Protein chains: 2
Amino acid sequence: MSQASHTSVLDDLGRRIAGGELPPGTVLTLAGLEQEYGVSRTVIRESVRVLESKTMVASKRRVGVTVTPMHRWHVLDPVLIRWRLESPARAQQLVALTELRLAVEPAAARLTAIRASEDARAEIGRLAAVLKELGDSGRGDTEEYLAADIAFHNCLLEACGNLMLSAIKEPIAQVIGGRHRAGLTPAEPVHASLHNHVEAAAAIVRGDADGAESYVRAYVESILGEVRTIG
Amino acid sequence: MSQASHTSVLDDLGRRIAGGELPPGTVLTLAGLEQEYGVSRTVIRESVRVLESKTMVASKRRVGVTVTPMHRWHVLDPVLIRWRLESPARAQQLVALTELRLAVEPAAARLTAIRASEDARAEIGRLAAVLKELGDSGRGDTEEYLAADIAFHNCLLEACGNLMLSAIKEPIAQVIGGRHRAGLTPAEPVHASLHNHVEAAAAIVRGDADGAESYVRAYVESILGEVRTIG
DNA sequence: CTGCCACAAACATCACACCTTTAGCAACAA
DNA sequence: TTGTTGCTAAAGGTGTGATGTTTGTGGCAG
């Protein structure tokens, strides 16, 4: 149990701040945290430094470590996104994240339709076929479907050739997985959703940028509608 | 000169990795870095931890600190974006970042047109007027124009009500500022660009989501064309 | 009331000691 | 030859005490 210290302290502190338990303005001290977590200064300092690098806290001499207002945070940090998704703010975070998807995924789909390698196109086509096969046969709630769904979105984002657009892969996979684990995925996927996946894949395969963009947009818009009613 | 240590070591290491001087696979050791920078283990460790939190490096016992392949990095981190913009990879980074803008800014403009407060709308309208005024009178290359241009984009992104979309404010401001400092901004702004700013602002003011989205898209597309020819 | 100064709080850095994991190698057995 | 076991040293992980440095804050003098 050696490496665990830093990671677990960082994770716990991060969650508490991201989840609002330690609201902006809260002042902590290294000594206090040292006591609270029962670990050495080293571990606390490194954790605080990482939070500082995400601008979630700011440390000043003679004052201590202050929690920063959220609008200053590096909210695109995948770790922070995960903390927020697993916090009481989950619903809000889902809406915000889906709005981000609505911006990024259609744009990525367009680029993918234009630039993707033949291999990537083929893989996307294959995954869409798998989704259709499983969905049509009432297996939309299986692990297999989940895996294919995540792989589909990962592939689409990865093949766009822009690392900054691909960067939202991880949070998206989390959202899809979370939805599945919450038992929200129906055995018979909504027809429109499956249709949009299949058509988007077809558009990408044939290099149709406009089609790829609009089918993906339609898909994410439907998710957004769904997510907004939950929040 | 106390606080400088951590920051400067982190910054230097980050730049060297982001700029490709230390390519993926490179293995460093804490002891080596300690020697190289002439600082204590504490400072090196904290810097490495921060880089690790951006997944730019991974540290393993008995091995050392290994530079991670770029596709694993948290490329949306504002600090990492800055490092890349100030590295030999600047041109690539500009293209990637502009493609990201092309995804995010139109989406943000749409949301802003729908949700922004009256104050924010008024401010955006005002800034567009300032830009037009300065541009029409041949002062497109002044500090004043630069400030208004940055403020315009900041405002637009801030008013959209989604922190994740607002998060690209900082890098965008850097790009606009960089372009200005490089002497690339003409005294007489390209007519189409100014027009798109003004029309986007007008659309936002009147709550026209489609208009706001498409004018902003047109603007960013023109930037993208320009940026791609430079790369 | 204002401005200057000294004090102490809290972070920043350093140096050192010791723990824990593990790559790499060697000895050994099948 | 090949696979397994076990040792060892390398490198990061953690803990601790000491000292430097900045900077709120309160007190004192004008």
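Every chain is numbered from 1 and lettered A, B, ... according to where its sequence line falls, protein lines coming before strand lines. Fair warning: this is a prediction, and the values are worked out from it, not measured in the lab.
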Task: Partners meeting ring-ring contact (aromatic ring centres under 6.0 Å, His included) with Phe152(A) (sequence neighbours left out) - done: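 ring-ring contact (aromatic ring centres under 6.0 Å, His included) list for Phe152(A), sorted by chain: His197(A).
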Open item on the list: Show, in sequence, the C-alpha distance, side-chain angles and deciding distance for Leu33(B) and Leu13(B), and conclude whether the side chain to side chain contact (heavy atoms under 4.5 Å, CB included) test is met.
Closed with: CA-CA 9 Å; Leu33(B) 293 170; Leu13(B) 253 183; 4.2 Å; yes
- [ ] Answer yes or no: is there an ion pair linking Arg121(B) with Glu118(B), defined by an N-O contact shorter than 4.0 Å?
- [x]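 Salt bridge: yes.
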Task: Neighbours of DNA chain D within residues 49-57 of chain B, by heavy-atom distance under 4.0 Å - done: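 DNA chain D contact set from residues 49-57 of chain B: Arg49(B).
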Open item on the list: Short of 4.0 Å, heavy atom to strand atom, which residues of residues 21-29 of chain B count as contacting DNA chain D?
Closed with: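 The answer is Leu28(B), Thr29(B).
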State which residues pass side-chain contact (heavy atoms from CB on, under 4.5 Å) with [X]; sequence neighbours excluded, sorted by chain then number.
X        : answer
Ser8(B)  : none
Val79(B) : His74(A), Lys54(B), Asp77(B), Arg82(B), Trp83(B)
Val63(B) : Lys60(B), Thr66(B)
Arg62(B) : none

d([atom1], [X]; [atom2], [N]) in whole Å:
X        : N       : atom1 : atom2 : value
Leu10(B) : dT13(C) : CG    : P     : 12 Å
Arg45(B) : dG15(D) : CZ    : P     : 11 Å
His6(A)  : dG12(D) : NE2   : C1'   : 13 Å
Leu33(B) : dG12(D) : CG    : C1'   : 12 Å

Open item on the list: Within the supplied structure, the quantity of interest is the number of heavy atoms (other residues, nucleotides, ligands) at a distance under 6.0 Å from Glu36(B) CD; does it exceed 12?
Closed with: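 Yes, enclosed.
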Donor-acceptor contacts under 3.5 Å from residues 123-131 of chain B side chains, at least two apart:
from      : atom 1 : to        : atom 2 : distance (Å)
Glu123(B) : OE1    : Arg126(B) : NE     : 3.2
Glu123(B) : OE2    : Arg126(B) : NH2    : 3.1

Open item on the list: Closest approach to the side chain of Val63(B), judged atom by atom: which nucleotide of dT14(D), dG24(D), dA23(C) is it?
Closed with: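 Minimum distance to the Val63(B) side chain belongs to dA23(C).
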- [ ] Ignoring backbone atoms, test whether Lys60(A) places a side-chain nitrogen or oxygen under 4.0 Å from the OP1 or OP2 oxygen of dG24(D).
- [x]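 So the side chain of Lys60(A) is within the cut-off, an N or O lying under 4.0 Å from OP1 or OP2 of dG24(D).
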Could you go through nucleotides 14-18 of chain C and list every protein N or O atom that sits under 3.5 Å from one of its N or O atoms, giving the distance for each pair?
from    : atom 1 : to       : atom 2 : distance (Å)
dC14(C) : OP2    : Ser40(B) : N      : 2.8
dC14(C) : OP2    : Ser40(B) : OG     : 2.8

- [ ] Just jot down the salt bridge (Lys or Arg N to Asp or Glu O under 4.0 Å) partners of Glu105(A), sequence neighbours excluded, or say none.
- [x]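 In terms of salt bridge (Lys or Arg N to Asp or Glu O under 4.0 Å), with neighbours along the sequence ignored, Glu105(A) is linked to Arg101(A).
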TODO: Name all residues meeting the salt bridge (Lys or Arg N to Asp or Glu O under 4.0 Å) criterion together with Arg115(A); count only those two or more places apart in sequence or in a different chain, and write none if there are none.
DONE: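 Scan of Arg115(A) (salt bridge (Lys or Arg N to Asp or Glu O under 4.0 Å), adjacent residues dropped) gives Glu99(B).
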What's touching nucleotides 5-9 of chain C from the protein side, N or O pairs under 3.5 Å?
from   : atom 1 : to       : atom 2 : distance (Å)
dA8(C) : N3     : Arg62(A) : NH1    : 3.0
dA9(C) : O4'    : Arg62(A) : NH1    : 3.4

- [ ] For Val216(A) and Ala200(A), work out which heavy atoms get closest and say how close.
- [x]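 It is CG2-CB, 3.8 Å.
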TODO: Could you walk me through whether Arg49(B) and Glu52(B) pass the salt bridge (Lys or Arg N to Asp or Glu O under 4.0 Å) test, one step at a time?
DONE: CA-CA 5 Å; Arg49(B) 272 281 198 266; Glu52(B) 199 177 19; 3.3 Å; yes
